[in-house]
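Contents: one structure, followed by commentary.
Fair warning: this is a prediction, and the values are worked out from it, not measured in the lab. We name chains A, B, ... by the order of the sequence lines, and we start the count at 1 in each one.
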Protein chains: 2
Amino acid sequence: MSGRVALVGAGPGDPALLTRKAVALLRRADLVLYDALVPPAMLKIARRARRFYVGKRAGRHSMTQDAINRLMVRAARRGDRVVRLKCGDPFVFGRGGEEAMALRAANIPVEIVPGVTSAFAAPALAGIPVTHRGAATAVVLVSGHAAEAYEPLLNGLEPGSATVVVLMGLGRRAAVADHLIQRGWPAETPAAIVFGAAHPDGQTWHGLLGELGRASVADFSAPGTIVIGSVVALAPFIGSEVEPVLERRRTAGRG
Amino acid sequence: MSGRVALVGAGPGDPALLTRKAVALLRRADLVLYDALVPPAMLKIARRARRFYVGKRAGRHSMTQDAINRLMVRAARRGDRVVRLKCGDPFVFGRGGEEAMALRAANIPVEIVPGVTSAFAAPALAGIPVTHRGAATAVVLVSGHAAEAYEPLLNGLEPGSATVVVLMGLGRRAAVADHLIQRGWPAETPAAIVFGAAHPDGQTWHGLLGELGRASVADFSAPGTIVIGSVVALAPFIGSEVEPVLERRRTAGRG
């Protein structure tokens, strides 16, 4: 039996949102390499596998990408069925492409198993449809980890022409909001930050684009998905399972 | 037992890419309303349910959105567990928001179950990561069904600033390509059309933005997902399970 690697999307965090294929691969796996935010309940599915955490620790990568690649190649060569489990979808800000290329260059068979992306599932679970007839016929998805990642796209973006979803952007939420407002987006554009969408204690901050920088996020350890656009205002008419629990505080924090 | 409705994403077409929650809801369902492209193998999971096709027939809606909404409300009121099964994700060009609003307005409990979106899964299964370090840190997703759906967004889009994914855009692929080229996108930008990505006979056309309008799609009944951007050129180094079978024909069709 020759080894192989599956690059598997874990979805937004709820084990019920794993795909059937992800579950089948985890059950058969000999080795699972997983990132931050993969919950223990998901790892338990891989009952016969050794499991290694290869995500960040205290903000730093616990292992370089090269070291992860080498580990997968070595395990597959000795016959292991490896599952590389990544939050959301492996090809949406997940470095799945880099890992697939390294594996293929080493002649290791690779299977790509898309997952439910948090970029769309987090808003959905908070009652926000990223597209909606009459409100948005386009979606823009950017990484907010650095200005050079989102500025080229946001620079030319016509105000209101798309729902904007920002992943990994909590730290730069003020800069993203300012950038859009300077380019003509109304400060009154509805905005939300969805925290831990797929968890029972998921919470959503609701406000306006002009308030995004002042949104208090100190209470949350979960990463937040930022959503900007008129579709955000639909949440009260759609959301049910996960209710927005943090209402916009129009007066607080302005004094 | 009071009735309820689950708006469920079916993913890109492979029953193995259904979520566990989707499967559990289908198994318990009394009534399933499904759209075009939902394969029979998926419907069989709903073994005890009545199943109604409510998608398009010969290009026309077989039922208006209002009629679908009324049908769901009526069934839930008489106690049915209804699954509204939609290709991909219900909130990504799926009218899920409209249906959720209609149901909530009628006081019907609604559960939203995100699915694997074809917008990202179709490229992934063809070996194209929509983001990739050094190639794309942003993705733009538009509907190509009408010029007014994609033009506002594409108008300001800085050339090369994002991977562009167009759903429902086969008919207007030439117009989309011309629009981008007129706005400074190089005609040499790699482009692909992924057909039936999650099916065993999935096929991918590979070419350049300037050739997109001339890509022959007559042989395909499956809908195509258009992907534009430098990430498309990574497919030969990533794709393995679904190989591109239609290579770019540089010389054909030019005479």
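Chain A forms more heavy-atom pairs under 4.5 Å with one residue of B/Asp14, B/Leu153, B/Asn155 than with any other, namely B/Leu153. Interface remark: of the candidates A/Val130, A/Thr163, A/Leu7, A/Val130 forms the most heavy-atom pairs closer than 4.5 Å to chain B. In terms of non-hydrogen atom pairs under 4.5 Å with chain A, the most contact-rich of B/Val23, B/Val139, B/Val92, B/Val165 is B/Val139. With chain A as the partner, the residue from B/Ala136, B/Gly115, B/Ala162 showing the most heavy-atom pairs under 4.5 Å is B/Gly115. For the set A/Ser143, A/Ala124, A/Pro90, the count of heavy-atom pairs under 4.5 angstrom toward chain B peaks at A/Ala124. Contact count against chain A (heavy-atom pairs under 4.5 Å) is highest for B/Val142 among B/Leu103, B/Val113, B/Val231, B/Val142. Chain A forms more heavy-atom pairs under 4.5 Å with one residue of B/Leu167, B/Asp89, B/Leu234, B/Thr117 than with any other, namely B/Thr117. For the set A/Ala105, A/Ala102, A/Gly97, A/Ala100, the count of heavy-atom pairs under 4.5 angstrom toward chain B peaks at A/Gly97.
Contacts between A/Ile128 and chain B at a heavy-atom distance below 4.5 Å involve the backbone alone (N, CA, C, O). Of the two parts of A/Pro15, the backbone and the side chain both hold a non-hydrogen atom closer than 4.5 Å to a non-hydrogen atom of chain B.
In this structure, CZ in B/Phe120 is found 5.0 Å from CG in A/Leu141, a value given to the nearest 0.5 Å. A distance of 4.0 Å separates CD1 of B/Ile45 from CZ of A/Arg20, quoted to the nearest 0.5 Å. A distance of 11.0 Å separates OG1 of B/Thr137 from OH of A/Tyr150, quoted to the nearest 0.5 Å.
A 4.5 Å side-chain heavy-atom check between B/Ile112 and A/Ile238 finds at least one atom pair inside the cut-off. Put simply, the side chain of B/Pro114 reaches to within 4.5 Å of the side chain of A/Leu17, judged on heavy atoms. In this structure, B/Thr19 and A/Val116 have side chains that are in contact, with non-hydrogen atoms separated by less than 4.5 Å.
Among the candidates B/Glu99, B/Glu98, B/Glu148, the single residue satisfying the salt bridge (Lys or Arg N to Asp or Glu O under 4.0 Å) test with A/Arg133 is B/Glu98.
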Assess whether side chain to side chain contact (heavy atoms under 4.5 Å, CB included) is satisfied between A/His132 and B/Met101, documenting all intermediate values. CA-CA 11 Å; A/His132 193 84; B/Met101 286 171 76; 3.8 Å; yes
